[in-house]
Amino acid sequence: MVTTNLVSEEDVAALTLVEYSKAPRKIFKEVTTSLTPEEEEEAEHEVLALIQLSQNHPIKRSKRVKADKSQPEEVEVSDQAKQRKKRQPMKKDNSEETLTLLLNWNKTKPAKPPFLLDLVGNVCSKPVRKQLMGSDVKKDQSRLKLGKAEVKKMVQQVMGRSDKVGTKGLEVSVYGQEGEVGKMMFKMWSVNTPVLMGIGWKTFVKDNDLTKHCDFLTIWMFRHKNSDEICFAIDKTRHHTVTRPLSKRISKAVFKNPN
């Protein structure tokens with residue numbers, strides 16, 4: 001049972017004056033330190049008169065109001081909260097059909113896109129492959145997450161040392177399967193995760209109609225034959241029957257370093 005005390009403004013004033021009456025001299029001195037002696041004497045008479053009045057004024061308290069608990073409290077719930085459902089993790093693809101499909105695909109040696117023959121100098125990494133995930137194509141993230149172990153090998157093959165990237169990153173040119181090129185940042189995201197990121201990646205996703213889960217990328221890192229610039233080339237293969245993230249079992253079987 002919940003009760004509420006309701007006190008009128010007159011009662012509050014009376015209570016305040018009662019507190020003054022308990023120690024009038026002390027309180028009076030605190031509030032009249034800036035007054036002249038004449039003003040102080042006049043103020044003292046006024047305060048004492050108010051105190052006398054408060055002592056003759058009976059304090060009336062309003063009746064306690066009992067909260068009605070017979071009716072349930074109304075809880076305001078937004079439409080968004082009503083529609084919000086507990087997210088269930090997406091079931092991963094662990095089928096034998098998908099495993100066989102990807103193993104056969106991975107057996108074939110990735111062929112470099114024809115346009116690369118005119119761009120690649122003497123330095124080019126071995127290709128790496130990855131399944132395109134939902135986070136890779138989200139509009140608000142604009143980044144392609146790469147496997148740390150695979151990228152470390154690529155960097156060593158092309159740049160000679162793996163510590164040249166860092167969190168500040170390096171601007172690189174990225175070529176699509178038709179030879180189109182865009183600028184992106186190649187960097188370590190959150191220290192441990194290599195990414196290609198920026199507006200260039202967002203444009204790349206749109207121009208190449210990249211789709212999560214069914215699209216698999218083959219990625220090369222190389223130095224441009226003329227400028228010696230660090231570049232990437234990305235080719236896409238679409239497996240229409242793959243519509244979910246791969247299970248750990250399939251990822252380990254298909255990719256050397258799935259993370």
Side-chain angles (χ1 to χ4, degrees), residues 83-113 124-158 162 165 167 169 172 174-177 184-198 200-221 232-259:
Q83 296 173 0
R84 188 183 298 127
K85 296 180 180 179
K86 186 177 181 181
R87 292 185 179 181
Q88 298 293 333
M90 180 178 287
K91 188 176 181 181
K92 296 188 176 182
D93 189 340
N94 195 38
S95 67
E96 292 301 321
E97 291 80 5
T98 296
L99 177 60
T100 301
L101 171 71
L102 294 179
L103 284 175
N104 289 334
W105 168 67
N106 210 30
K107 283 179 182 178
T108 60
K109 185 178 179 180
K112 294 177 183 177
C124 183
S125 71
K126 293 180 180 180
V128 298
R129 284 174 161 172
K130 71 156 285 173
Q131 181 187 29
L132 202 62
M133 305 304 290
S135 60
D136 295 322
V137 295
K138 277 188 176 180
K139 292 182 180 180
D140 60 342
Q141 295 200 16
S142 302
R143 55 111 177 118
L144 172 66
K145 181 181 176 182
L146 303 170
K148 182 180 178 181
E150 290 296 333
V151 166
K152 184 177 180 180
K153 291 179 181 179
M154 293 174 74
V155 170
Q156 288 175 340
Q157 292 167 7
V158 177
S162 60
V165 181
T167 55
V172 297
V174 181
Y175 292 84
Q177 53 193 2
M184 301 182 201
M185 290 299 296
F186 174 49
K187 62 184 293 184
M188 297 299 291
W189 184 50
S190 300
V191 181
N192 294 319
T193 306
V195 295
L196 284 170
M197 65 183 303
W201 172 248
K202 192 174 182 178
T203 302
F204 191 92
V205 170
K206 182 179 179 181
D207 291 347
N208 291 275
D209 188 30
L210 296 185
T211 305
K212 64 180 180 181
H213 304 150
C214 63
D215 283 346
F216 289 76
L217 305 183
T218 303
I219 306 167
W220 292 266
M221 183 181 185
F232 286 83
I234 301 177
D235 192 23
K236 176 187 79 173
T237 302
R238 178 163 294 179
H239 298 292
H240 293 279
T241 58
V242 182
T243 59
R244 293 176 293 169
L246 301 179
S247 66
K248 287 185 178 181
R249 180 179 75 95
I250 295 181
S251 293
K252 289 181 178 180
V254 176
F255 306 115
K256 292 181 180 179
N257 293 281
N259 297 325

List in chain and number order the residues that pass side-chain hydrogen bond (donor to acceptor under 3.5 Å, both in side chains) with E96, two or more places apart in sequence or in another chain; answer none if no residue qualifies.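 Expected list: R249.
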Taken in chain and number order and not counting sequence neighbours, the residues that satisfy side-chain hydrogen bond (donor to acceptor under 3.5 Å, both in side chains) with R238 are T211, D215
So, S247 and N94: side-chain donor and acceptor under 3.5 Å apart, yes or no?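 The criterion, which ignores hydrogens and geometry beyond distance, is satisfied for N94 and S247.
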Residue list, side-chain contact (heavy atoms from CB on, under 4.5 Å) with [X], at least two apart or on another chain:
X	result
D140	K138
N106	R129, V254
P245	M90, K92, M133, H213
V128	E150, M154, I219

Are [X] and [Y] packed together at the side-chain level, in the sense that at least one heavy-atom pair is separated by less than 4.5 angstrom?
X	Y	result
I234	T218	no
K145	W189	no
K187	M197	yes

Please verify the inter-ring angle class for F255 with F216; under 30° counts as parallel, over 60° as perpendicular, anything in between as tilted. parallel
K212 bridged to D136 by N-O distance under 4.0 Å: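 D136 and K212: not salt-bridged.
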Short question: side chain of T98, backbone of S95 - any donor-acceptor pair under 3.5 Å?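 Not confirmed, T98 side chain does not pair with S95 backbone.
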Judged by atom type as modelled, is there a donor-acceptor pair below 3.5 Å linking the side chain of D207 to the main-chain atoms of D209? no
Begin from the C-alpha positions of N208 and Q177 and carry the test side chain to side chain contact (heavy atoms under 4.5 Å, CB included) through to its verdict. CA-CA 8 Å; N208 291 275; Q177 53 193 2; 4.1 Å; yes
Close aromatic pair by centroid cut-off 6.0 Å: F232 and F186: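 So the answer is yes for these two rings.
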